[in-house]
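Report on the following structure.
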Amino acid sequence: MRVIALAVVALALSGCANMAVDSNVSPSGIKDYYKGNNVKLYGRDELKDVNYVTLGTVEGEACQIEANEPPPKDADARAHLRRRAADMEANGVLLDSCIRFDDMPGCIEQVLCSGQALKVSEL
């Protein structure tokens, strides 16, 4: 009985050996999505005693295109902002503001965040 059970388990597992997972996210898309993880959002008070260089202004956005989609999230706009700062080789962002707009061209609702990309010296 034990041999039969092991044989059934082995056959079941070998049936999954040639299965492939199909994804709509490319390897480069995954890398792009996570590249902002090393960019920290700062408030003005956190930068008082820290050495940093401002690299330029960055913006991030989240957009609701279709009515059946959920409203855009501030967190998604901030994540986009951090990815764009990472493109500038920043490791920090001084977040200025996030503003929500209605009826923008191409978006039913949009969240737009802006800030300054920073190169913060490591302590």
Side-chain angles (χ1 to χ4, degrees):
M1 187 66 172
R2 191 176 207 174
V3 173
I4 295 174
L6 284 174
V8 169
V9 169
L11 283 173
L13 291 176
S14 66
C16 298
N18 291 327
M19 288 189 70
V21 176
D22 206 12
S23 174
N24 62 346
V25 180
S26 67
S28 63
I30 290 172
K31 191 175 186 180
D32 183 59
Y33 183 80
Y34 287 106
K35 72 179 167 186
N37 282 359
N38 295 325
V39 178
K40 180 180 177 184
L41 292 176
Y42 289 94
R44 291 201 188 281
D45 292 340
E46 294 175 280
L47 294 170
K48 284 183 180 174
D49 298 322
V50 177
N51 291 324
Y52 64 91
V53 175
T54 302
L55 302 176
T57 301
V58 287
E59 292 183 341
E61 61 110 13
C63 176
Q64 178 188 8
I65 298 171
E66 301 288 332
N68 62 345
E69 295 177 343
K73 297 177 186 173
D74 290 11
D76 292 338
R78 287 190 305 267
H80 186 227
L81 175 87
R82 291 169 57 204
R83 286 192 299 274
R84 293 184 99 183
D87 288 340
M88 298 172 71
E89 298 186 10
N91 62 355
V93 171
L94 174 59
L95 184 63
D96 292 330
S97 65
C98 289
I99 302 170
R100 189 170 294 270
F101 297 99
D102 293 327
D103 294 326
M104 295 298 291
C107 297
I108 294 170
E109 191 174 352
Q110 180 183 33
V111 176
L112 183 64
C113 293
S114 64
Q116 299 298 313
L118 308 174
K119 189 68 161 183
V120 180
S121 63
E122 302 294 322
L123 297 177

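Between A85 and A117, the closest heavy-atom pair is CB-CB, 4.1 Å. The two atoms that bring G106 and C63 nearest to each other are O-SG, 3.7 Å, heavy atoms only. Of all heavy-atom pairs spanning L118 and L55, the tightest one is C-CD1, 4.2 Å. Residues R84 and E59 approach most closely at CD-O, 2.9 Å, considering heavy atoms.
Considering V39, D96, L95 in turn, L95 is the only one that fulfils the side chain to side chain contact (heavy atoms under 4.5 Å, CB included) rule with L81. None of R78, K73, H80 except one satisfies the side chain to side chain contact (heavy atoms under 4.5 Å, CB included) rule with D76; the exception is K73.
For the pair M88 and V58, the minimum side-chain heavy-atom distance is below 4.5 Å. At a threshold of 4.5 Å between non-hydrogen side-chain atoms, the residues K48 and D45 count as touching.
Applying the side chain to side chain donor-acceptor pair (under 3.5 Å) criterion to T54, with sequence neighbours excluded, gives no partner residue.
Both V50 and Y42 belong to a common hydrophobic cluster when Ile, Leu, Val, Met, Phe, Trp and Tyr are linked at side-chain heavy-atom distances under 4.5 angstrom. A single hydrophobic cluster is not seen to contain both I65 and I108; linkage of ILVMFWY side chains at heavy-atom distances under 4.5 Å, directly or through other members, places them apart.
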Worksheet item: Are Q116 and T57 close enough, and set up right, to give a side chain to side chain contact (heavy atoms under 4.5 Å, CB included), and what steps lead you there?
Response: CA-CA 5 Å; Q116 299 298 313; T57 301; 3.2 Å; yes

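Proximity of a side-chain donor or acceptor of R83 to a complementary backbone N or O of G36 within less than 3.5 Å is not detected.
Listed by first and then second residue, the salt bridge (charged side-chain N to carboxylate O under 4.0 Å, His left out) pairs that reach into residues 104-118 are R100-E109, sequence neighbours excluded. Under the side-chain hydrogen bond (donor to acceptor under 3.5 Å, both in side chains) criterion, the residue pairs touching residues 60-72 are E61-Q110, with sequence neighbours excluded.
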